[in-house]
2 protein chains.
Amino acid sequence: MELDERKKKILKAVIRNYLETGEPVGSRTISKYTDLNLSSATIRNEMADLEEMGYILQPHTSAGRIPSDQGYRFYVDTMMEEKDREMVELKEMLLERQDKMETLLKQVAKVVAQNTQYAAMISAPSTHRNKVKFIQLSRVNPEQILAVIVVEGNVIKNNIIPVTEEISDETMLKLNILLNTHLNGRSIEEINLGMIAALKAQAGVHGNIVGEVIDAVGDAIKADEDLEIYTSGTNNIFRYPELADNGKASELVGTFEEKQQLGSLIQESLEDEAGTGIQVYIGDEAPIKSMKDCSVVTATYELGEGMKGTIGIVGPKRMDYDKVIGTLRTIQSKLDELYKKD
Amino acid sequence: MELDERKKKILKAVIRNYLETGEPVGSRTISKYTDLNLSSATIRNEMADLEEMGYILQPHTSAGRIPSDQGYRFYVDTMMEEKDREMVELKEMLLERQDKMETLLKQVAKVVAQNTQYAAMISAPSTHRNKVKFIQLSRVNPEQILAVIVVEGNVIKNNIIPVTEEISDETMLKLNILLNTHLNGRSIEEINLGMIAALKAQAGVHGNIVGEVIDAVGDAIKADEDLEIYTSGTNNIFRYPELADNGKASELVGTFEEKQQLGSLIQESLEDEAGTGIQVYIGDEAPIKSMKDCSVVTATYELGEGMKGTIGIVGPKRMDYDKVIGTLRTIQSKLDELYKKD
DNA sequence: TGTTAGCACTCCTGTGAGTTGAGTGCTAAC
DNA sequence: GTTAGCACTCAACTCACAGGAGTGCTAACA
């Protein structure tokens, strides 16, 4: 059977109505609130067809229809009319410049959650294939040396190294030069065991310091990889009865707290980039099973230098996709501006 | 009226029973499950007295009794029998040494949540009245200077300062000496406007760099104050019907996500230290209003050098206080050991 | 005087019947 | 192809009623 123009209109009307009310929608409603000028009986026939084709379904015989996952998918793919969202709070927020990435991200998540009334998450931007940019050893006091490692993307790692023996200024200088000449500009793949051994040999009795520094380098690059994720508005899930029942709510809250679980979502969204960087997962499409009754919309954002992160919104399947996607687009461009201004 | 031995026994029995079942407990139950050998009628008389005195209450006329906040309070203050908790996971966890404070705290929170089946939170230890320990400026590349500030307690703050003019090695050295001689060992109160002005004047054209460094010093000390808090097991609240209903659950989840709100609790628990450092807040006693139907137990822990943090457990009023307090005590001592081993 | 048995009373809880109403599918007429 | 009409379905609500747990009170007992 074919999905002609009229069927599409009806499907759209069903979905729109259901997104608003959350109640199954009947033929009479459609007949009244569309410009099709068709009687409810005709609508009923069409709806029976749509059901057969899998776009909508009936919770029970004598109820109206609700969209199926396939229906939502069709809607998202072909019928959406993105709303342009103006977010006052966001503008204000970005006016007072955030120095700390963490604060910025938390704020963005908060604004998104407040604007959409869904749960929001955001991952810190991560660069891949980091290279060492700069290393600095300094003596804090006779027993402690501070190692600062800066890797590309200005991720900074500090490490305090305890030392037993006295270390002269000269030695410190030597170690600094040694480390910088050999490690700067190197990626983690380039720093191999042979190199490490050679460096340690050159450092002589202070080989252990070199060892610690190299460990810290590894950490600095890795730390960047185990992505930090911030969430906001988790409690918005209680707004939607279909998610708020005990079992589901508990699972979802758990997932949002155990942020690692969200990692797979972030990952997938970063990899599978198609054009605009906005992805919609409906029900089982998301890689997290506790979200099987949810829809998830993710957007990748870029903060320059290939620093990519992901923003995600989790809500019920009857999510206001138009609004959500509009919001995410706005955020994308604001973040872009923000970087350019820097 | 006086609270004689028998009344106490009955009160204890009512509370114990209610903690287990969560159902109002009737006179017959008490008569059967205590060694008092009294008939239900007698128990009823006593229970009427206990109700009049405010220790227990009736949800409705024909129901059993449940403890009032006052009843819980009395129980916690005078009748508890702490259980010694052995936590296998904790031991294992602490065996594999955690290098990162953050990971350690998250793990502790997780273990506590899993062991108690309540929601857990933990604040990072913070030292008060920090002093600057060490400052180091270094040139990452011609346009960027990295400032590293170490304050007491080894809190480290990095700041990248963009510069337009070329800065010579000599100037860098001078700036380093200038900053270190004047700022090291100073607390935030000691660094006043006059001092800042003087430093800027001495730095001449590079006054802006000094300004940025001083801002960073402020941040480093402040960063330590706006406490980091980690949570775990938020979804445990769904185990307890009295907390799981939509409105309450939503509020609680919100509170746990907005970690600042938990700050007041942490603060209070740190200040009001009476001996063991364990505090019990029943209902309204806690400074957070979304927890009015909860009980909160907090414990301060010390990681040496006056680094104090707080662990908290949030659950229903019918919390297994004995177990929770036992657990917290165990954690306290384990963390203590951990520090000593260092 | 303290304890207990007995009894009427309260009130939550569960159940089953009956009603309502929204919505459907089908048929026949337009 | 569209529509009016009608019988049918089924969740949701209401209501009455029974059951049961628990109480308070009274009177009797040790």
Side-chain angles (χ1 to χ4, degrees), chain A residues 1-11 13-18 20-68 71 241-242 245, chain B residues 1-11 13-18 20-68 71 241-242 245:
Chain A
M1 205 179 316
E2 200 147 319
L3 205 56
D4 59 30
E5 213 43 51
R6 196 168 74 178
K7 284 199 172 59
K8 277 190 198 172
K9 266 196 170 168
I10 294 173
L11 177 54
V14 170
I15 295 181
R16 279 277 165 80
N17 200 293
Y18 185 69
E20 265 179 43
T21 64
E23 300 282 299
V25 14
S27 53
R28 236 179 78 83
T29 316
I30 301 294
S31 134
K32 266 197 297 190
Y33 294 102
T34 54
D35 51 359
L36 287 168
N37 282 324
L38 291 172
S39 78
S40 62
T42 314
I43 304 285
R44 275 205 289 285
N45 288 331
E46 295 288 47
M47 284 184 14
D49 289 353
L50 283 170
E51 184 168 3
E52 202 183 326
M53 293 155 87
Y55 291 107
I56 53 182
L57 31 90
Q58 259 181 312
H60 56 86
T61 352
S62 71
R65 303 304 210 287
I66 63 175
S68 66
E242 61 264 53
D245 92 82
Chain B
M1 205 178 314
E2 200 145 322
L3 204 57
D4 58 29
E5 211 45 47
R6 197 169 73 177
K7 283 198 173 58
K8 278 190 198 171
K9 265 195 171 170
I10 293 173
L11 178 54
V14 169
I15 296 180
R16 279 277 165 79
N17 200 293
Y18 185 70
E20 265 179 45
T21 64
E23 301 281 300
V25 13
S27 53
R28 236 180 76 84
T29 315
I30 301 294
S31 133
K32 264 195 299 187
Y33 294 101
T34 54
D35 50 359
L36 287 166
N37 281 324
L38 292 173
S39 76
S40 61
T42 313
I43 304 285
R44 276 204 288 285
N45 289 330
E46 295 287 48
M47 281 181 21
D49 290 350
L50 283 171
E51 185 169 3
E52 202 182 327
M53 293 155 86
Y55 291 107
I56 54 182
L57 31 90
Q58 259 181 312
H60 57 86
T61 354
S62 70
R65 303 306 210 287
I66 63 174
S68 68
E242 61 264 52
D245 92 85

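To find a chain, count down the sequence lines: A is the first, B the second, and so on, and within it residues start at 1.
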Distance in angstrom units between [X] [atom1] and [N] [atom2], rounded:
X       : N      : atom1 : atom2 : result
B/Asp4  : C/dG2  : CG    : P     : 11 Å
A/Met47 : C/dG23 : CE    : C1'   : 9 Å
B/Leu50 : D/dG24 : CG    : P     : 12 Å
A/Glu46 : D/dT3  : CD    : P     : 11 Å
A/Glu23 : D/dA11 : CD    : P     : 15 Å
A/Asn45 : C/dG23 : CG    : C1'   : 14 Å
A/Lys32 : C/dA22 : NZ    : P     : 10 Å
A/Asn37 : D/dG1  : CG    : C1'   : 15 Å

Looking at the side chain of B/Gln58, which of C/dT24, D/dG24, D/dC10 is the nearest nucleotide? D/dG24
Closest to the A/His60 side chain: C/dT24, D/dA4, D/dC10? D/dC10
Quick one: pull up CG in B/Asp49 and NZ in B/Lys7 and give me the separation to the nearest 0.5 Å. 4.0 Å
Note: for B/Arg44 and A/Ala63 on DNA chain C, the residue whose nearest nucleotide lies more 5' is B/Arg44
Please determine if a side-chain N or O atom of [X] lies less than 4.0 Å away from the OP1 or OP2 oxygen of [N].
X       : N      : answer
A/Ser39 : D/dT2  : no
A/Ser27 : C/dT24 : yes
B/Arg6  : C/dT3  : yes
A/Thr61 : D/dC10 : yes
A/Arg28 : C/dG21 : no

If you take atom types as modelled and just measure distance, does the side chain of B/Arg65 reach the base of D/dG24 with a donor-acceptor pair under 3.5 Å? no
State, with a plain yes or no, whether a side-chain heavy atom of B/Leu38 is found less than 4.5 Å away from one of B/Glu46. no
For a side-chain contact (heavy atoms from CB on, under 4.5 Å) with A/Tyr55, tell me which candidate from A/Val14, A/Ile10, A/Leu3 qualifies. A/Leu3
Evaluate the criterion side chain to side chain contact (heavy atoms under 4.5 Å, CB included) for residue pair B/Ile15 and B/Val25; output intermediate values, then yes/no. CA-CA 9 Å; B/Ile15 296 180; B/Val25 13; over 6 Å; no
Residue matched to C/dT27 through Watson-Crick or wobble contacts both under 3.5 angstrom: D/dA4
Salt bridge (Lys or Arg N to Asp or Glu O under 4.0 Å) with B/Arg44: which residues, sequence neighbours excluded? none
Looking for any heavy atom pair under 4.0 Å, which part of the strands does B/Thr42 touch: base, sugar-phosphate only, or nothing? base
